[in-house]
Colleague: 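Just dropping this structure here.
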Amino acid sequence: MDQFEKVEKLREHANVTYEEAKAALENCDWNILDAMIYLEQSGKVHGPEHSSYTTQTERVKIEVEDKECKSTFSDNMKRFGNWCLKMIEKGNNNSFCVEKEDREIFRVPITLLVVFLIFAFWVIVPLLVIGLFFNMRYQFAGPDIRSVDIDINKAMDSAAEAAENIKNEFNNAASKEEN
């Protein structure tokens, strides 16, 4: 950059006359930064009011990004509470059905089944297994049951068939001993 370009650049940035810019550059061996500092010290140019050289829009953007990335404990608890309420609602809309000989015996909301399993696991699970040996069939039904859940119903049907096979083998073994 030649001397004329340096004078013009300093004049634009410092908002001083051509003569003041040229004198400052000559005094500072044509170094623009030193000339700017010289003009500030001589009182011809006012320095920045604060020491930050970032723009306001960048600052706001960083603050917004920080708020999006950092979530507080209360935010996490609210999300967890909303998730729990959503699961409870789904559990109340769908049900666990107990059938015998293609006739529904009773239907329980899945939420209630989960509560029973949590607080009375050692009672509910043996009752469900014993029910299989008395030709009971279990399945899930409701508006939120999807094709993935149908696999659960298939697994329950195969458990009922396995219980039926065990019962038949036991009956066949008992009848052979009697003969």
Side-chain angles (χ1 to χ4, degrees), residues 9 12-13 32-33 36 46-179:
K9 191 167 194 124
E12 289 174 10
H13 287 292
I32 294 177
L33 181 59
M36 187 67 150
H46 297 291
E49 294 179 13
H50 49 78
S51 62
S52 176
Y53 288 100
T54 61
T55 63
Q56 183 65 25
T57 56
E58 288 176 354
R59 251 207 217 141
V60 170
K61 183 179 178 184
I62 291 169
E63 289 173 7
V64 169
E65 287 175 357
D66 286 345
K67 286 181 183 177
E68 289 173 359
C69 293
K70 294 179 183 177
S71 58
T72 63
F73 179 73
S74 62
D75 291 339
N76 289 336
M77 291 308 293
K78 284 178 187 175
R79 272 191 271 147
F80 178 71
N82 289 337
W83 178 81
C84 288
L85 289 174
K86 188 176 176 183
M87 289 298 113
I88 289 171
E89 182 180 347
K90 281 188 177 190
N92 289 340
N93 292 336
N94 299 291
S95 56
F96 177 74
C97 304
V98 177
E99 299 174 350
K100 183 175 183 177
E101 298 169 359
D102 295 329
R103 192 175 50 106
E104 187 176 300
I105 296 176
F106 67 90
R107 180 181 290 246
V108 177
I110 294 174
T111 306
L112 187 59
L113 176 68
V114 169
V115 169
F116 284 153
L117 285 172
I118 290 171
F119 293 109
F121 177 80
W122 299 109
V123 175
I124 298 299
V125 172
L127 286 175
L128 291 173
V129 172
I130 291 170
L132 289 173
F133 290 101
F134 286 100
N135 297 327
M136 303 275 186
R137 297 235 174 204
Y138 310 118
Q139 74 184 109
F140 291 97
D144 295 325
I145 304 299
R146 300 179 308 241
S147 61
V148 174
D149 300 323
I150 293 172
D151 292 338
I152 294 172
N153 287 336
K154 286 180 184 176
M156 292 184 151
D157 287 340
S158 66
E161 290 170 9
E164 187 69 30
N165 291 338
I166 292 170
K167 187 171 77 171
N168 289 338
E169 287 177 16
F170 182 76
N171 287 338
N172 288 341
S175 65
K176 284 182 182 180
E177 286 182 14
E178 287 179 1
N179 291 334

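Numbering starts at 1 and runs along the sequence shown.
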Colleague: Is there a side-chain contact between V125 and L117, using heavy atoms and a 4.5 Å cut-off?
Modeller: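 The answer is yes; the side chains approach within 4.5 Å.
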Colleague: Using 0.5 Å steps for rounding, measure from the CD1 atom of I110 to the CD1 atom of I88.
Modeller: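 Answer rounded to 0.5 Å: 13.0 Å.
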Colleague: Which distance, rounded to the nearest 0.5 Å, do you find between the CG of L113 and the OG of S95?
Modeller: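 Reported to 0.5 Å precision, the distance equals 10.5 Å.
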Colleague: How close do L132 and A163 get, heavy atom to heavy atom, and via which atoms?
Modeller: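 Result for this residue pair: CB-CB, 3.6 Å.
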Colleague: Could you give me the CA-CA distance, side-chain angles and deciding distance for N82 and R79, then say whether side chain to side chain donor-acceptor pair (under 3.5 Å) is met?
Modeller: CA-CA 5 Å; N82 289 337; R79 272 191 271 147; over 6 Å; no
Colleague: Applying side chain to side chain contact (heavy atoms under 4.5 Å, CB included), can you list everything that pairs with N168, at least two apart in sequence or on another chain?
Modeller: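 For N168, the residues satisfying side chain to side chain contact (heavy atoms under 4.5 Å, CB included) (neighbours in sequence not counted) are E164.
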Colleague: Once rounded to the nearest 0.5 Å, what's the spacing between atom SG of C84 and atom CE of M77?
Modeller: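 Reported value, rounded in 0.5 Å steps: 8.5 Å.
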Colleague: Within the 4.5 Å heavy-atom criterion, are P109 and N94 side-chain neighbours or not?
Modeller: no
Colleague: Distance check, rounded to the nearest 0.5 Å: D144 atom CG versus E89 atom CD?
Modeller: 8.5 Å
Colleague: Atom OG1 in T72, atom NZ in K78: separation rounded to 0.5 Å?
Modeller: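 So the OG1 of T72 and the NZ of K78 are separated by 7.5 Å.
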Colleague: Restricting to side-chain hydrogen bond (donor to acceptor under 3.5 Å, both in side chains), what partner residues turn up for N135, sequence neighbours left out?
Modeller: K167
Colleague: Write out all pairs satisfying salt bridge (Lys or Arg N to Asp or Glu O under 4.0 Å) with one or both partners inside residues 106-121, taking only residues at least two apart or from two chains.
Modeller: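 Sorted result for residues 106-121: E104-R107.
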Colleague: Report yes if the side chains of Q139 and E99 come closer than 4.5 Å at any heavy-atom pair, otherwise no.
Modeller: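 Of all side-chain heavy-atom pairs linking E99 with Q139, at least one is under 4.5 Å.
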Colleague: If you compare all heavy atoms of K100 against all heavy atoms of M136, which two are closest, and at what distance to 0.1 Å?
Modeller: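 Shortest heavy-atom contact: CB-SD, 4.2 Å.
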Colleague: Could I get the full list of side-chain hydrogen bond (donor to acceptor under 3.5 Å, both in side chains) partners for N92, not counting sequence neighbours?
Modeller: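 N92 satisfies side-chain hydrogen bond (donor to acceptor under 3.5 Å, both in side chains) with T111 only.
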Colleague: Hey, could you give me each pair passing ring-ring contact (aromatic ring centres under 6.0 Å, His included) that has a residue in residues 109-134? Not counting sequence neighbours.
Modeller: none
Colleague: Going by the rule ring pair (Phe, Tyr, Trp, His ring centres under 6.0 Å), which residues pair with F96 if we only count those two or more places apart in sequence or in a different chain?
Modeller: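 Per chain and number, F96 pairs via ring pair (Phe, Tyr, Trp, His ring centres under 6.0 Å) with Y138, F140.
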Colleague: Using a 4.5 Å cut-off on heavy atoms from C-beta on, say whether the side chain of K9 contacts that of I32.
Modeller: yes
